[in-house]
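One structure is given below, encoded as C-alpha cells.
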Amino acid sequence: MGKPRFRIAPSPTGSLHIGNARTALYNFLASRKLGGDFILRIEDTARDRSKIEYERTIIDGLHWLGINWDEGPDLGGSYGPYRQSERLQIHKEFLQILIDRGYTYHCFCSREELAFERELAQKQGRAPKYSGKCRDLSDEEVSSRLDAGEEATIRFRVEPRIVGLDDIVMGKIEEDAGLWGDFVLARSDGTPVYNFAVVVDDHLMDISHVVRGADHISNTFKQIMMYEALDLERPRFGHMPLTLNAKRQKLSKRDGSVAVEEYREQGYLPEAVVNFIALLGWNPGDEREMFSMNELINVFSMDRITTSNAIFDVARLDWFNGVYVRKMSTDQLAHRANDYLSDLGYFSSNPTRSSNDWSHLNGVPVPPHDWPSMNYFIAALELEKERIRKFAELPELMNFFFVEDIYADTSQLISKKHSQSDTRAALVRVAELVGLQGVNKMDTVEKYMRSLADDLGWRAGDLFMPVRIALTGSRATPPLFETMKVLGDQRVLHRLNKAVEQLSS
RNA sequence: GGCGCAUUCGUCUAGCGGCCCAGGACAUCGCCCUCUCAAGGCGAAGAUCGCGGGUUCGAAUCCCGCAUGCGCUACCA
C-alpha cells in the first residue's frame with residue numbers, strides 16, 4: 001500500500017455546510033499529519049439538486065478556512081476526473097463486472113409499486129425492505145421485457161450475513177445484512193447510485209482512509225459488501241459524530257447559520273472557526289485549546305475523535321473569535337477589517353471609491369465627509385480591538401469615528417446627577433479646555449478634566465459621561481481620553497459645541 | 001416499526017477500575033480593576049457521571065437490560 005490518501009466528497013447541493021467543513025478539516029489534518037494526500041471529489045451524480053455554482057462556493061469556503069487539497073476538480077491530478085458525474089463510464093464498467101459475476105439482477109418494479117409496498121410494510125409494522133420480487137426472473141423474461149422497452153433498475157443480490165467493520169472512531173461495529181433487502185445499484189436510466197459510485201471512486205483513487213459523518217454508517221456496511229463482491233481491498237473507515245443544532249438535531253439548512261459562508265459574512269476569522277470546529281468532537285487530550293492550523297496538524301490524531309454528537313454553540317465560537325481578534329496585531333487586524341468592511345461597501349482606504357457612509361446606522365442621513373485615512377482607521381480600531389467579537393459588530397462599534405454628526409439623545413446627554421443647564425455649562429468649559437489645550441496631550445487633558453470636575457464639585461464620572469455621549473452618542477465606548485485623541489480637536493470641538501447647542505433649547 | 005450508534009455540569013469536553021463525593025473551557029453570577037463598555041484578575045454556582053441490575057475489596061470507567069437522543073431505513077448524497 002502506498003501513502004495514506006484521504007478525501008472529502010461533498011455534494012454540490014448547497015454551500016459549504018459547517019458539518020462538511022468539519023469533516024474536511026479532520027481529513028485534511030489527518031492527511032497532513034500522516035504525510036499523505038488529501039483529495040477533493042465532487043459528488044455531483046447527475047441530479048436535479050446539484051449545481052455547479054455550489055461547487056465554487058464549497059471550494060471557496062474550504063480555501064477560506066485554510067484547507068487545501070492535493071487533487072481535485074480545480075487542480076486535476078492523476079486519479080481524475082474528480083467530478084463523479086464525469087466518471088459515469090467508469091462506474092458502468094465496474095457495474096458490468098458485478099453483473100458478469102452474477103451479483104445483480106434487473107428489477108422491473110415501478111416506483112409506485114415500491115412506494116406502495118413500503119407504505120404497507122410500515123402500516124403492518126414490518127421492516128420496509130424490498131420483497132425480492134424480480135430476483136428470480138428467468139433470463140428469457142428479462143430480455144424480452146427489456147426488449148419491449150420496459151424500464152429496469154439493477155439491484156444487488158444481498159446474501160444475508162453479519163457484516164462487520166473495525167471503525168477508526170467507533171471501534172468494532174456490525175450489522176445484519178439479512179435486514180436490508182436487495183438494494184439498487186443503478187437507476188433505470190443506467191446511472192449508478194451514490195452508494196455504488198463511492199466504492200468505485202474510492203478504490204480507483206486509491207483512498208486509504210474514509211473518514212466521514214456517522215450518518216454514513218449504514219451505507220458503509222453496504223459498501224463493504226460491494227468491495228467484497230468486486231474483490232477489492234477496502235479502505236479503513238472512520239465515522240465521526242455529527243454536529244447538531246441547539247434542538248439536538250442534525251444541523252440542517254433550516255437552522256439558520258449552517259453555511260461556512262455565513263460565518264464569513266458575519267466577520268468571523270477563519271482561524272477562529274477552524275479552532276472552534278476542530279474542538280467539536282476532538283481534543284488533544286490535555287487542556288490546551290488554542291491551536292493554529294499548523295499546531296492542529298501536529299497534535300491531531302484520529303483516535304482522539306469523540307464518539308458522541310456535539311451541539312454547535314455559537315457563544316463559544318464568539319469567544320474564540322474574540323481571542324483571535326485580540327491576539328492579532330492591530331495592523332493586520334485593520335487590513336482584515338478593512339477588507340471585510342469594503343466588501344460591505346462601508347469603508348475604503350481609497351476615498352474616491354466608496355460612496356457609502358456609516359451614518360445610516362443611527363438613522364441620521366449625513367453625507368460622507370472627511371474620509372478617514374488608513375492610519376485613522378487603525379488608531380480607532382486599536383481602541384475597539386478588545387471590544388470586538390466579530391467584524392459584523394464593527395459598524396455599530398465604530399460608527400461614531402466616521403460620521404460628521406453623531407446623534408446624541410438629549411436626555412442621555414444630561415448628567416444623571418446634575419441639571420440640564422449645569423451640564424451645558426460644564427460642556428462649555430470642557431470645550432474651552434480642549435480649545436486651549438488641544439486633545440493630543442491626552443494625559444494633561446485628563447488632568448485638566450479631573451480638576452475641572454473638582455472645580456465644579458462634580459464627581460469625575462458625572463462629568464465624563466456627558467462628554468462621552470456628546471462625542472460618541474453612546475454610553476459604551478473605549479476610554480474617553482484616548483478616544484478624544486483619535487477623534488482629534490476638530491471633531492471633538494464640533495461635537496461638544498453641537499451638544500451645548502442641543503442643551504440650550 | 002426495524003437496525004445501528006451514542007448517553008459526564010446549559011454547551012464543548014477530560015476521564016480508559018482505586019489519583020474523581022469528577023478536572024478544564026465557554027456561557028451565567030459575584031467581587032476586584034475602572035471615566036463607561038470591554039479586556040484582565042479572583043471567586044461562586046453548576047454533573048446523585050441517563051435509569052436499573054450485575055462483576056469487583058473497589059465502577060463514570062467492565063457486562064446485561066431499559067430509557068432517551070440521533071442517524072439510517074429512496075431509482076438522495
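This is a predicted model, so every value here is computed, not measured. Each chain gets a letter, A, B and so on, in the order its sequence line appears, and its residues count up from 1.
- Centroid-to-centroid, the aromatic rings of A:Phe464 and A:Phe481 come within less than 6.0 Å.
- Not less than 6.0 angstrom separates the ring centroid of A:Phe377 from the ring centroid of A:Phe401.
- Remark: A:Arg389 is not in phosphate contact with B:A39, judged by side-chain N or O atoms under 4.0 Å from OP1 or OP2.
- Side-chain proximity of A:Ile217 to B:A25, B:U13, B:G4: nearest is B:G4.
- Distance noted for atom C1' between B:G53 and B:G24: 33 Å (whole Å).
- Residue contacts shown for A:Thr153 include a base, since a base heavy atom lies under 4.0 Å away.
- Taking the P atoms as reference points, B:U7 lies 12 Å from B:C12, given to the whole Å.
- Spacing between atom OH of A:Tyr194 and atom C1' of B:A74 amounts to 14 Å, rounded to whole angstrom units.
- Rounded to a whole Å, the CZ atom of A:Arg288 is 18 Å from the P atom of B:U13.
- The side chain of A:Ala476 lies closest to B:C37, out of B:C37, B:G4, B:C35.
- Distance from the side chain of A:Ala315 is smallest to B:A27 among B:G10, B:A27, B:A25.
- Side chain of A:Ile311, nearest nucleotide from B:G71, B:C35, B:C12: B:C12.
- Nucleotides B:U11 and B:A74 place their P atoms 32 Å apart, quoted to the nearest Å.
- Across all strands shown, B:C42 pairs with B:G30; the Watson-Crick or G-U wobble distances both stay below 3.5 Å.
- The partner of B:C66, taking Watson-Crick or G-U wobble pairs whose two distances both stay under 3.5 Å, is B:G50.
- The CD1 atom of A:Ile305 sits 16 Å away from the C1' atom of B:C12 (whole-angstrom rounding).
- A:Phe400 has its CZ atom 12 Å from the C1' atom of B:U36, to the nearest Å.
- For the pair A:Phe312 CZ and B:U13 P, the computed distance is 13 Å after rounding to whole Å.
- A:Tyr263 has its ring centre no less than 6.0 Å from the ring centre of A:Phe320.
- Look at A:Arg304 and you won't find any side-chain N or O under 4.0 angstrom from OP1 or OP2 of B:U13.
- At a cut-off of 3.5 angstrom, the base of B:C75 holds at least one donor-acceptor pair with the side chain of A:Ser188.
- Nucleic acid contact class of A:Ser308 (heavy atoms, under 4.0 Å, all strands): sugar-phosphate only.
- A salt bridge is defined here as a Lys NZ or Arg NE, NH1 or NH2 lying under 4.0 Å from an Asp or Glu carboxylate O, and A:Glu159 with A:Arg161 meets this definition.
- Distance check, rounded to the nearest 0.5 Å: NE2 of A:His418 to OG1 of A:Thr423 gives 7.0 Å.
- As judged by a 4.0 angstrom heavy-atom cut-off over every strand, A:Arg459 is placed among residues making no nucleic acid contact.
- The nucleotide whose nearest atom lies closest to any side-chain atom of A:Arg118 is, among B:G24, B:C35, B:C75, B:C75.
- At a threshold of 4.0 angstrom between heavy atoms, the contacts of A:Asp318 with the nucleic acid are absent.
- Here A:Ala460 lies out of heavy-atom contact (under 4.0 Å) with every strand.
- If you check B:C3 for Watson-Crick or wobble pairing at under 3.5 angstrom, you find it paired to B:G71.
- Considering only side-chain N and O atoms, A:Thr307 lies under 4.0 angstrom from the phosphate OP1 or OP2 of B:U7.
- Between the base of B:C37 and the side chain of A:Arg475 there is no donor-acceptor pair shorter than 3.5 Å.
- For the pair A:Asp176 CG and B:C3 C1', the interatomic distance rounds to 9 Å; values are reported in whole Å.
- Taking every side-chain heavy atom of A:Leu280 into account, B:C12 is the closest of B:C5, B:U36, B:C12.
- With distances taken from any side-chain atom of A:Asn309 to the nucleotides B:C26, B:C75, B:C70, the minimum falls on B:C70.
- In this pair, A:His216 lays its aromatic ring flat on the base of B:A77, centres within 5.5 Å and planes under 30 degrees apart.
- One finds no side-chain N or O of A:Arg316 lying less than 4.0 angstrom from the OP1 or OP2 phosphate oxygen of B:A25.
- Remark: B:U56 base-pairs with no nucleotide in the shown strands. Criterion, Watson-Crick or G-U wobble with two distances under 3.5 Å.
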What do the steps show when you test A:Arg7 against A:Asp201 for salt bridge (Lys or Arg N to Asp or Glu O under 4.0 Å), and what is the final call? CA-CA 11 Å; A:Arg7 43 133 267 203; A:Asp201 293 343; over 6 Å; no
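- If you check B:C3, B:C75, B:G40 against the side chain of A:Arg326, the one that comes closest is B:G40.
- Between the side chain of A:Arg212 and the backbone N or O of A:Ile8, no donor-acceptor pair lies under 3.5 Å.
- Distance A:Leu244 CG to B:C72 P: 11 Å, rounded to the nearest Å.
- Ion pair A:Glu384/A:Arg387 flagged as a salt bridge, since at least one NZ, NE, NH1 or NH2 atom sits closer than 4.0 Å to an Asp/Glu carboxylate oxygen.
- Between A:Phe237 and A:Phe221, the distance separating the two ring centers is not shorter than 6.0 angstrom.
- Of the two residues contacting RNA chain B, namely A:Phe108 and A:Gly461, the nearest-nucleotide position lying further toward the 5' end is that of A:Gly461.
- B:C9 and B:C5 have their P atoms separated by 22 Å, with the value rounded to a whole Å.
- Base pairing of B:A25 is made with B:U11, judged by Watson-Crick or G-U wobble geometry with both donor-acceptor distances under 3.5 Å.
- Nearest to the side-chain atoms of A:Arg468 among the listed nucleotides B:U13, B:G2, B:C35 stands B:C35.
- Among the protein residues, A:Pro478 comes within range of the nucleic acid bases, having at least one heavy atom under 4.0 Å from a base atom.
- B:C31 and B:C57: their C1' atoms are spaced 46 Å apart (whole Å).
- Across all strands, A:Glu151 comes closer than 4.0 Å to no nucleic acid atom at all (heavy-atom distances).
- Between B:C64 and B:C29, the distance separating the two C1' atoms is 43 Å to the nearest Å.
- OP1 or OP2 of B:A14 has at least one side-chain nitrogen or oxygen of A:Asn283 nearer than 4.0 Å.
- The separation between A:Leu480 atom CG and B:U36 atom P is 10 Å, rounded to whole Å.
- Between A:Arg387 and A:Phe221, it is A:Phe221 whose nearest contact on RNA chain B lies nearer the 5' terminus.
- Separating the P atom of B:A22 from that of B:G50 is a span of 15 Å, rounded to the nearest Å.
- Taking a pair to require two hydrogen-bonding distances under 3.5 Å in either a Watson-Crick or a G-U wobble arrangement, B:C16 remains unpaired.
- Using a 4.0 Å heavy-atom criterion, one finds that A:Gly181 contacts no nucleic acid atom at all.
- The separation of B:A59 from B:C21, taken at their P atoms, amounts to 12 Å, rounded to a whole angstrom.
- Atoms CG and CG, from A:Leu487 and A:Leu383 in turn, are 9.0 Å apart once rounded to the nearest 0.5 Å.
- Across B:G4, B:C26, B:A6, the shortest atom-to-atom separation from the side chain of A:Met170 is found for B:A6.
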